[in-house]
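Everything quoted here is computed from the prediction, not taken from an experiment.
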Amino acid sequence: MKTLSILFTIGVMTWANQTHAQINTSQLKKLNKQAQTVTNTAKNTTTNSLLSTLDSQLKQKFKLDDVKSELSGETLRVKAASAAYSKLPASAQNAQGKRILEGASKMIGSGEGLKSLNIKTLAVDMVKDMTVSKAVQSFSKQLSK
């Protein structure tokens, strides 16, 4: 009878340890998932802040009506709105678009935060206003890394 009691006690203790280990594993998985969510949220917030700063700098420097940057993989697409742009002659449009492209490129190169986004291609779409989805003209360049 004593042996049976001892075996029963050992069995209960083994079962309790396994149950505790399973709880710890599920808790660890849950904590890892929460940590990943927090990390992703922080990264997205930082990226949005950097892009917003770039937008405001481009808008101010080139006297644009509005600017909206979006990051897609390794490509940064800048949508620059200017009602006056389409009224310029073609050569002036090209010159203005290239100036904006070069200005954005320099801002990315000089901003440590923007460098960390691993941008390989920069594209600037000139539009009449932000409600227009079709670009008047697009400019892009590969950034050296």
Side-chain angles (χ1 to χ4, degrees), residues 6-145:
I6 292 173
L7 287 176
F8 179 74
T9 304
I10 291 172
V12 168
M13 289 173 64
T14 304
W15 175 78
N17 283 337
Q18 286 178 347
T19 303
H20 184 68
Q22 288 175 352
I23 290 171
N24 283 341
T25 302
S26 67
Q27 287 174 338
L28 284 174
K29 286 180 182 178
K30 184 177 179 180
L31 288 173
N32 283 339
K33 187 175 181 179
Q34 288 173 343
Q36 186 64 40
T37 301
V38 168
T39 302
N40 289 342
T41 301
K43 184 178 178 183
N44 289 341
T45 302
T46 302
T47 300
N48 289 340
S49 175
L50 290 170
L51 294 180
S52 178
T53 301
L54 175 66
D55 292 349
S56 63
Q57 289 174 347
L58 286 172
K59 184 178 177 180
Q60 182 181 19
K61 182 174 182 176
F62 295 102
K63 297 175 181 36
L64 298 165
D65 297 337
D66 203 2
V67 179
K68 178 66 180 143
S69 301
E70 295 176 339
L71 189 60
S72 176
E74 295 177 338
T75 300
L76 175 63
R77 185 161 295 279
V78 178
K79 191 174 174 183
S82 174
Y85 180 82
S86 61
K87 296 174 186 170
L88 295 172
S91 61
Q93 285 181 353
N94 285 336
Q96 178 69 358
K98 289 177 183 176
R99 277 193 298 274
I100 294 170
L101 180 65
E102 288 305 315
S105 176
K106 287 178 183 174
M107 288 176 193
I108 290 168
S110 65
E112 286 303 316
L114 289 168
K115 282 182 184 178
S116 70
L117 295 178
N118 196 29
I119 299 167
K120 298 216 174 171
T121 305
L122 172 63
V124 174
D125 296 331
M126 297 300 299
V127 296
K128 292 180 185 178
D129 61 61
M130 285 299 170
T131 61
V132 178
S133 61
K134 186 177 177 187
V136 175
Q137 212 167 6
S138 293
F139 302 88
S140 67
K141 81 182 250 181
Q142 294 286 18
L143 301 177
S144 61
K145 292 280 178 183

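Between Ile100 and Met126, some side-chain heavy-atom pair lies under the 4.5 Å cut-off. Leu76 is listed as a side-chain neighbour of Leu54, based on a closest heavy-atom distance under 4.5 Å. Inter-residue side-chain proximity for Glu74 and Thr121 is flagged as unmet; no heavy-atom pair is nearer than 4.5 Å. With contacts defined as side-chain heavy-atom distances shorter than 4.5 Å, the pair Thr75/Ile119 does not qualify. Looking at Lys79 and Val127, their side chains come closer than 4.5 Å, going by heavy atoms from C-beta outward.
In this structure, Gln60 has no side-chain hydrogen bond (donor to acceptor under 3.5 Å, both in side chains) partners at least two apart in sequence or on a different chain. In terms of the side chain to side chain contact (heavy atoms under 4.5 Å, CB included) criterion, Glu70 has no residue partners (sequence neighbours excluded). Under the side chain to side chain contact (heavy atoms under 4.5 Å, CB included) criterion, Ala95 pairs with Arg99, not counting sequence neighbours.
Not a single donor-acceptor pair under 3.5 Å links the side chain of Ser105 to the backbone N or O of Leu101. The backbone N or O of Asn48 lies less than 3.5 Å from no partner atom in the side chain of Ser52, so there is not a single donor-acceptor pair.
Note that OG of Ser69 is 8.5 Å distant from CG of Leu122, once rounded to the nearest 0.5 Å. Between the CD atom of Gln93 and the OH atom of Tyr85 there is a distance of 4.5 Å, given to the nearest 0.5 Å.
Within the structure, no pair that satisfies the salt bridge (Lys or Arg N to Asp or Glu O under 4.0 Å) test touches residues 46-62, not counting sequence neighbours.
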Next item on the list: Under the side chain to side chain contact (heavy atoms under 4.5 Å, CB included) rule, what do Arg77 and Asp125 come out as? Steps first, then yes or no, please.
Entry: CA-CA 7 Å; Arg77 185 161 295 279; Asp125 296 331; 2.8 Å; yes
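For the residue pair Ala80 and Leu64, the shortest heavy atom distance occurs at CB-CD1, 3.8 Å.
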